[in-house]
J.: 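Following this message is one structure expressed as structure tokens.
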Protein chains: 2
Amino acid sequence: MVLDKETSSIEATIAVVGERWTILIVRDIFRGIHRFSQLQEDLGIAKNLLSERLAHLVEEGVVERVPYQDRPLRCEYRLTPKGADLSASLIALMKWGDRWYADDPPTVLVHRTCGTPLDLDPTCPRCSVAVTPGQIRSQNATEES
Amino acid sequence: MVLDKETSSIEATIAVVGERWTILIVRDIFRGIHRFSQLQEDLGIAKNLLSERLAHLVEEGVVERVPYQDRPLRCEYRLTPKGADLSASLIALMKWGDRWYADDPPTVLVHRTCGTPLDLDPTCPRCSVAVTPGQIRSQNATEES
DNA sequence: CAGTATCCTCGAGGATACTG
DNA sequence: CAGTATCCTCGAGGATACTG
């Protein structure tokens, strides 16, 4: 059917980052927490689980190990371009939680440096209407629209 | 710390929809699949699990039961406004999966009705720069920016 | 510090039978 | 059709001890 592409795309995404600890780890790395012990302390996750989740993220190419000292060799975890590309997803999830579960609604999410409110609701630039997932399809980037 | 709000917002979101079946159910309802048997067939999920996940979504106010016949009473599942508000998140996840796991990259996501490509990368409208999750904060909607 | 190795337990997923 | 009720099994989460 027509929606196969979108189907597998969502499934692919949640197969990689659709797990509580995994997504929280990625969020923490976004926030500048890069070292094993810092992640463990911030998240309160068991060390074997953190180790396993990080290995999984490295294997998927979302996170990479970057040495920051020799003798003994120590690495920290950084987002790859693929991992950094998750920002839109994280922000959308954050924004939804903020909208519906904030202690004192209404709140808005703003750019930290300049305070400008951010609107991430998907809108078609041509039609100027809100777009839902069912109204979207994939097409090859080289095709004519 | 300053990021507490975002932290709990993401955790709140994944507590509600951060599970494989749950998110696929929401996606299917977005796509127009509203009945129990259709969802079960489309997803290949065990009936007790589907029943439980739907009950959870109803309880969370993401989905609602809407009768479509009496005698016997039958209900279908529709998104509430809160559920429909998940579209930005679903699309962002879909788009990431499409970008990094499409069979034949590059692909783009376009508005189904008019074919216009959609860009959901978060950009600050004032600064015109890409915004990452760590560069966002919550503030009360009534505060001055 | 940054992990790996073990072990234990509980509960989720799934299959199946049953029901109005 | 749209579920509920049971039952079984496996494996994930977590705690803890250990290692270079």
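Per chain, numbering begins at 1; letters A, B, ... match sequence-line order. Computed from a predicted structure; not experimentally measured.
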J.: Among all residues two or more places apart in sequence or in another chain, which pass the side chain to side chain contact (heavy atoms under 4.5 Å, CB included) test with Ala15(B)?
T.: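 Once residues adjacent in sequence are excluded, Ala15(B) has no partner under the side chain to side chain contact (heavy atoms under 4.5 Å, CB included) criterion.
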
J.: Is any side-chain N of the basic residue among Asp28(B) and Arg31(B) closer than 4.0 Å to the acidic one's carboxylate O?
T.: yes

J.: Rounded to the Å, how far apart are Leu50(B) CG and dA2(D) C1'?
T.: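 In whole Å, dA2(D) C1' and Leu50(B) CG are 10 Å from each other.
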
J.: Does anything in residues 63-71 of chain A come within less than 4.0 Å of DNA chain D? Heavy atoms only, and list the residues if so.
T.: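 Heavy-atom contacts with DNA chain D come from no residue of residues 63-71 of chain A; none.
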
J.: For Glu41(A), which residues count as a side chain to side chain contact (heavy atoms under 4.5 Å, CB included) partner, sequence neighbours excluded?
T.: none

J.: Please, which pairs that meet side chain to side chain donor-acceptor pair (under 3.5 Å) have at least one residue in residues 49-65 of chain B, sequence neighbours excluded?
T.: Tyr101(A)-Glu60(B), Glu19(B)-Arg53(B), Arg65(B)-Tyr77(B)

J.: Looking at residues at least two apart in the chain, or sitting in another chain, which of them share a salt bridge (Lys or Arg N to Asp or Glu O under 4.0 Å) with Arg20(B)?
T.: Glu11(A)

J.: Could you pull out all residues at least two apart from Ala46(A) that satisfy side chain to side chain contact (heavy atoms under 4.5 Å, CB included)?
T.: Asn48(A), Leu49(A)

J.: Rounded to whole angstroms, how far apart are CG on Asp42(B) and C1' on dA2(D)?
T.: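 The answer, rounded to whole Å, is 17 Å.
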
J.: Go through the structure and list residues passing side chain to side chain contact (heavy atoms under 4.5 Å, CB included) with Pro81(B), not counting sequence neighbours.
T.: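 Expected list: none.
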
J.: Measure CG/Leu54(B) against P/dG3(D) and give the value in whole Å, please.
T.: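 For the pair Leu54(B) CG and dG3(D) P, the rounded distance is 7 Å.
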
J.: Please enumerate all residues that pass salt bridge (Lys or Arg N to Asp or Glu O under 4.0 Å) together with Arg78(A), with sequence neighbours excluded.
T.: Glu76(A)

J.: Can you name the residues that form a side-chain hydrogen bond (donor to acceptor under 3.5 Å, both in side chains) with Trp100(A), not counting sequence neighbours?
T.: Asp85(B)

J.: Could you tell me if the side chain of Met94(A) sits less than 4.5 Å from the side chain of Thr13(B), heavy atoms only?
T.: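 Thr13(B) vs Met94(A): side chains apart.
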
J.: Where along nucleotides 4-20 of chain D does protein come under 4.0 Å, by heavy atom, of base (B) or sugar-phosphate alone (S), with - for untouched nucleotides?
T.: BBB------SBB----B

J.: If a stem is a run of at least 3 consecutive Watson-Crick or G-U pairs, both distances under 3.5 Å, which stems include DNA chain D?
T.: C:1-20 with D:1-20

